[in-house]
There are 2 protein chains.
Amino acid sequence: MRMDPKQRCAVIETLKVFSAKWKPCILSYLFTESKRYGELQRLIPNISRKMLTQHLKELCADGLIERKPFPTIPPKVEYVISEKGKSLQPVFRVLNTWGVNNLDNVCSTEEMIAT
Amino acid sequence: MRMDPKQRCAVIETLKVFSAKWKPCILSYLFTESKRYGELQRLIPNISRKMLTQHLKELCADGLIERKPFPTIPPKVEYVISEKGKSLQPVFRVLNTWGVNNLDNVCSTEEMIAT
DNA sequence: CTGCATCCCACTAGATACTG
DNA sequence: CAGTATCTAGTGGGATGCAG
């Protein structure tokens, strides 16, 4: 079988799930520990709230992370990596290794991806 | 070190290199054998010449494939996977496996990626 | 056959202001 | 604090025509 664009190719669909502009960055932070909305905003200074909200929603919809709201005042929401999300760590590790071995002037993120 | 968007993160840079819209598809065909420009166009019916040309150029510039022009009449150009390009096969395999295990209604492309 | 140049549209994502 | 709504600029990518 070929990588027919009319079919839902596993490679391409996998890329769609986590390779949007800020998703690798968001996931990388959640790999190590849960974060609140505002924490992610501070950690990723260039992201707009709109994009942060949108990407978090999509990651939730795809089951890679979970949203944990606390009905306190002021409100508090934690985002947690799911088991399915954790299963992406080996994928990230492979991408990181390839980049380190084949690209110039890139920073390894191995420590970050390490469990 | 964190996946700082201001740095050239290995994971993100790696994704940039091969995850543009049609690049996985192009690479998948070249993994198995060299193809001519027109063959790729026929194999990927939905791609425009503009995008095919542009993606082939970028893949050349990144050293993933090589362009072999034959000064015949009419002209003939072959595109060949490079060693660096071949080194992406394990990456594709990991992405394929993750998709098959974690997504619904996706087609495995294992046979294609197989050497 | 293998491209390049141009025009154009749709969508992405940034900026800003507002809300429970 | 954690979002939502709206407007807009920039970009990706398709269609078409021309060229070596």
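Every chain is numbered from 1, with letters handed out A, B, ... down the list of sequences. Here the structure is a predicted model, which is why all the values come from computation and not from measurement.
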Atom-pair distance ([atom1] on [X]; [atom2] on [N]), nearest Å:
X: His55(B); N: dC4(C); atom1: NE2; atom2: P; value: 14 Å
X: Lys50(B); N: dT2(C); atom1: NZ; atom2: P; value: 20 Å
X: Leu56(A); N: dC1(D); atom1: CG; atom2: P; value: 16 Å
X: Ile47(A); N: dA15(C); atom1: CD1; atom2: P; value: 12 Å
X: Leu43(A); N: dA2(D); atom1: CG; atom2: P; value: 13 Å
X: Phe70(A); N: dG3(D); atom1: CZ; atom2: C1'; value: 17 Å
X: Met51(A); N: dT11(D); atom1: CE; atom2: P; value: 15 Å
X: Glu39(B); N: dG3(C); atom1: CD; atom2: C1'; value: 16 Å

With nearest nucleotide decided by heavy atoms, which residue, Gln54(A) or Tyr37(B), maps closer to the 5′ end of DNA chain C?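 The answer here is Tyr37(B).
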
With nearest nucleotides of DNA chain C determined for Ser48(A) and Gln41(B) from heavy-atom distances, which residue corresponds to the more 5′ nucleotide?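 Nearest-nucleotide comparison on DNA chain C picks Gln41(B).
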
Using the side-chain heavy atoms of [X], tell me which of these nucleotides is nearest: [options].
X: Pro75(B); options: dA2(D), dC1(C), dC4(C); value: dC1(C)
X: Lys21(A); options: dC1(C), dA13(C), dT4(D); value: dA13(C)
X: Val77(B); options: dG14(D), dG14(C), dG3(C); value: dG3(C)

Salt bridge check, Glu83(A) against Lys86(A): does any charged N sit closer than 4.0 Å to a carboxylate O?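 Between Glu83(A) and Lys86(A) there is a salt bridge, with a charged N closer than 4.0 Å to a carboxylate O.
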
Between Lys16(A) and Glu13(A), does any side-chain N to carboxylate O distance fall below 4.0 Å?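 Yes, this pair counts.
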
With respect to the phosphate group of [N], does any side-chain polar atom (N or O) of [X] fall under 4.0 Å of OP1 or OP2?
X: Arg36(A); N: dC1(D); answer: no
X: Tyr79(B); N: dG3(C); answer: yes
X: Lys57(A); N: dG3(D); answer: no
X: Trp22(A); N: dT12(C); answer: no

Euclidean distance, Leu52(A) CG relative to Trp22(A) CH2, rounded to 0.5 Å: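 These two atoms lie 10.0 Å from each other.
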
Donor-acceptor pair between Asn96(A) and Ser108(A) side chains, under 3.5 angstrom: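 Checked: Asn96(A)/Ser108(A) side chains pair up, N/O donor to acceptor below 3.5 Å.
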
For the base of dG17(D), is there a side-chain donor-acceptor partner from Arg49(B) under 3.5 Å away?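 Such a pair exists between side chain and base.
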
Students often mix this up, so state it plainly: with edges at 30° and 60°, are the rings of Phe31(A) and Phe92(A) parallel, tilted or perpendicular?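 Correct class here is perpendicular.
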
